[in-house]
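Letters A, B, ... are given to chains in the order of the sequence lines, protein chains preceding strands, and every chain is numbered from 1.
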Amino acid sequence: MSPSSSSPARQQISAIGPRVRFAPSPTGFLHVGSARTFIFNWLYARHNGGTMILRLDDTDVERNTEASVNSIFEGLKWLDLGWDEEYRQSERIALHRRTAEAIFQKGLAYRDFTPAHSGESERSGTEERWLFNPGMRGLSSAESHRRAAAGEPFALRFCVPREGGQLVRFTDAVYGEQVKSAADIEDFALLRSDGMPTYHLASCADDADLRISHIIRGQDHLTNTFKHVLIFQAAGTVPPQFAHLPLLVAPDGTKLSKRRHGPVVSVTTYRDAGFLPEAFLNFLCLLGWSPKNDREQMSRQELVDAFSLDGINRANAVVNFREAAKTLEETFDPKALWLNAEHIRALAVDDLSQRLMPIVREAGFNVEPAKMKRITPLIRERMKLLRDVLTAADFFFVDQLSPYDPAELIPQKGDTAMALKVLRKARERLANTEFAQDALDQALRAAAQELGVKAGQMFQPIRVAVCGRKNAPPLFATLEVLGRETTLARIEQAMGKVQ
RNA sequence: GGCGCUGUCAUCUAACGGUUAGGAUACUGCCCUCUCAAGGCAGGUAUACGGGUUCGAUUCCCGUCAGCGCUACCA
């Protein structure tokens with residue numbers, strides 16, 4: 001399950017089970033849409049006992065960066081799903097060229113000597129649709145060879161059959177039977193004029209060579225698939241099975257993009273905000289896929305067991321995040337937050353506690369793991385994000401409470417006098433009560449009765465004195481963890497504030 | 001513009017011709033309760049529109065509208 005070291009040398013190809021791949025192009029950080037594609041591939045592989053392959057599609061030297069490669073690994077590492085084989089397209093260019101050459105030899109591709117970025121490309125500016133350049137497609141082979149031999153640069157284009165109303169077809173596991181007239185497909189490039197393979201060529205050549213059995217990818221490739229089928233056939237291989245995934249879109253319906261939508265589309269944003277990888281995984285799975293039994297909160301293993309291509313639907317799914325939200329929490333899709341809270345509550349206390357430690361430490365608090373373990377059960381039902389530990393349990397970490405409004409110390413339907421009376425009583429009683437939940441509970445309730453105030457009126461001033469705010473975890477458990485010394489000191493301070 | 005795909009509550013989705021169109025999130029109210037949460041209960045909101053086919057359409061067909069994707073020597 002751990003990533004194999006990047007040895008591009010031919011690895012043992014397993015003949016057992018499906019072989020799927022995730023093939024990102026390293027032009028930015030790991031996008032949530034990409035992460036979901038990875039996840040669906042991984043789920044399919046694991047459910048069917050197959051092989052998960054990571055392939056970096058880095059043939060575009062202009063735009064690929066090593067920083068992007070790193071950030072993709074960073075995101076995938078956080079997801080913690082792993083893969084079985086790893087390749088880099090840039091190390092397999094010889095294969096791509098061989099494939100292109102073979103297609104050319106069969107007469108299924110031709111040289112296009114049109115200079116790159118020439119006036120010709122302005123065709124995209126016009127409303128004209130471009131299918132091919134007759135002058136180049138119709139070049140005699142003698143002429144073609146002559147110009148190539150003379151060193152004139154050319155791109156290699158696939159010669160799409162456009163006579164006789166040929167149809168290109170394939171079956172998509174999600175979108176069903178797909179048919180398109182070959183006449184509607186343009187003569188796409190296989191090799192650039194610098195000899196580098198294009199995405200279409202490299203991708204198909206690698207898929208064939210790596211014996212990929214199922215291509216599971218975004219629906220933005222659905223139309224491209226017709227070209228790919230043409231390439232596979234020209235290369236003399238049987239196309240793999242296809243399954244296209246509905247796209248993830250923003251609330252405005254447009255494709256998720258960093259430029260338009262900001263950091264909410266980056267996987268690391270979720271990590272840094274305190275999402276549990278298993279919750280994030282769960283959330284993404286529910287976008288465009290359904291187990292069909294109304295299950296929502298699912299563990300990694302449950303997802304593997306339940307996953308099936310049949311459950312994938314066809315309509316785009318919107319990630320319901322909010323741009324321009326005031327708080328971090330409001331930024332995320334509410335369902336993602338809810339699922340995260342569910343997963344947090346499903347975690348064992350020790351486990352959660354360990355995950356909380358680094359966050360607390362990074363925030364500058366020095367807390368012993370043993371103490372954290374005692375705090376965790378008090379706050380875990382009050383967290384949506386791991387980072388919430390900082391606001392939910394802050395008073396456990398500090399020596400000195402940050403300033404709060406003394407008015408908060410005044411109980412419901414009470415006054416300053418009552419607050420003072422309660423605090424005084426609490427100080428007295430807490431000085432010689434055992435600091436254990438039950439004992440504290442009994443002692444303070446009894447004290448309330450003696451004072452003739454309601455339990456709530458008794459507890460609130462103490463809570464505010466000790467936590468610095470009205471809303472906090474259950475009081476007795478809190479006091480128990482805080483201990484007598486801290487509790488009494490804070491009550492003392494509170495008394496000073498009311499006067 | 002051409003080609004392709006899609007259209008069920010605000011959002012994620014279920015219902016493979018027959019359901020009072022189900023669940024979840026979010027929202028509102030009530031209960032529980034030492035506050036806040038969590039939990040329980042209850043509530044409102046949906047089949048884009050128009051035609052067919054059928055005894056019967058969310059479901060099948062056609063059209064309209066809308067959205068998205070592709071239309072690069074990007075991936």
Item to complete: Classify every nucleotide of nucleotides 4-12 of chain B by which part a protein heavy atom approaches to under 4.0 Å, writing B for the base, S for the sugar-phosphate alone and - for neither, in 5'-to-3' order.
Response: -SSS---SB
Worksheet entry | Sugar-phosphate, base or nothing in reach of A/F188, heavy atoms under 4.0 Å | nothing
Fill in: Exceeds 12 heavy-atom contacts within 6.0 angstrom, atom CD of A/E450
yes
Worksheet item: Side-chain N or O of A/R157 less than 4.0 angstrom from OP1 or OP2 on B/C73?
Response: yes
Discussion item. Suppose we define a pair by two distances each less than 3.5 Å, Watson-Crick or G-U wobble; what does B/U58 pair with here?
Written reply: none
Worksheet item: Rounded to whole angstroms, how far apart are OH on A/Y404 and P on B/U35?
Response: 20 Å
Practice prompt. Pick base, sugar-phosphate or nothing for A/P24, based on heavy-atom distances below 4.0 Å to the nucleic acid.
Written response: nothing
Worksheet item: Does the ring centre of A/H221 sit less than 6.0 Å away from the ring centre of A/F226?
Response: no
Worksheet item: Which base sits across from B/A14 as a Watson-Crick or G-U pair, both distances under 3.5 Å?
Response: none
Worksheet item: With a 4.0 Å cut-off on heavy atoms, is A/K255 in touch with a base, just the backbone sugar-phosphate, or nothing at all?
Response: sugar-phosphate
Set out, line by line, the N/O atom pairs under 3.5 Å between protein and nucleotides 28-33 of chain B.
none

Item to complete: Could you tell me whether A/R345 contacts a base, only the sugar-phosphate backbone, or nothing, with contacts defined as non-hydrogen atoms closer than 4.0 Å?
Response: sugar-phosphate
Item to complete: Write down the distance between CG (A/L444) and P (B/U35), rounded to a whole number of angstrom.
Response: 15 Å
Discussion item. Counting the atoms with a prime plus P, OP1 and OP2 as sugar-phosphate, which does A/S290 contact under 4.0 Å by heavy atoms, base, sugar-phosphate, or nothing?
Written reply: sugar-phosphate
Discussion item. Looking at the base of B/A14, is there any donor atom on it, or on the side chain of A/N293, that sits under 3.5 Å from an acceptor on the other one?
Written reply: no
Practice prompt. Grab the CD-C1' distance between A/E62 and B/A72 for me, whole Å please.
Written response: 13 Å
Worksheet, complete the sentence: By side chain to side chain contact (heavy atoms under 4.5 Å, CB included), A/E62 pairs with (sequence neighbours left out) A/D60
Worksheet, complete the sentence: 5'-most contact on RNA chain B (nearest-nucleotide basis), A/P474 vs A/K292, goes to A/K292
Worksheet item: Is any side-chain nitrogen or oxygen of A/T59 closer than 4.0 Å to OP1 or OP2 of B/A75?
Response: yes
Item to complete: Give one of base, sugar-phosphate or nothing for A/H200, where a contact means two heavy atoms less than 4.0 Å apart.
Response: base
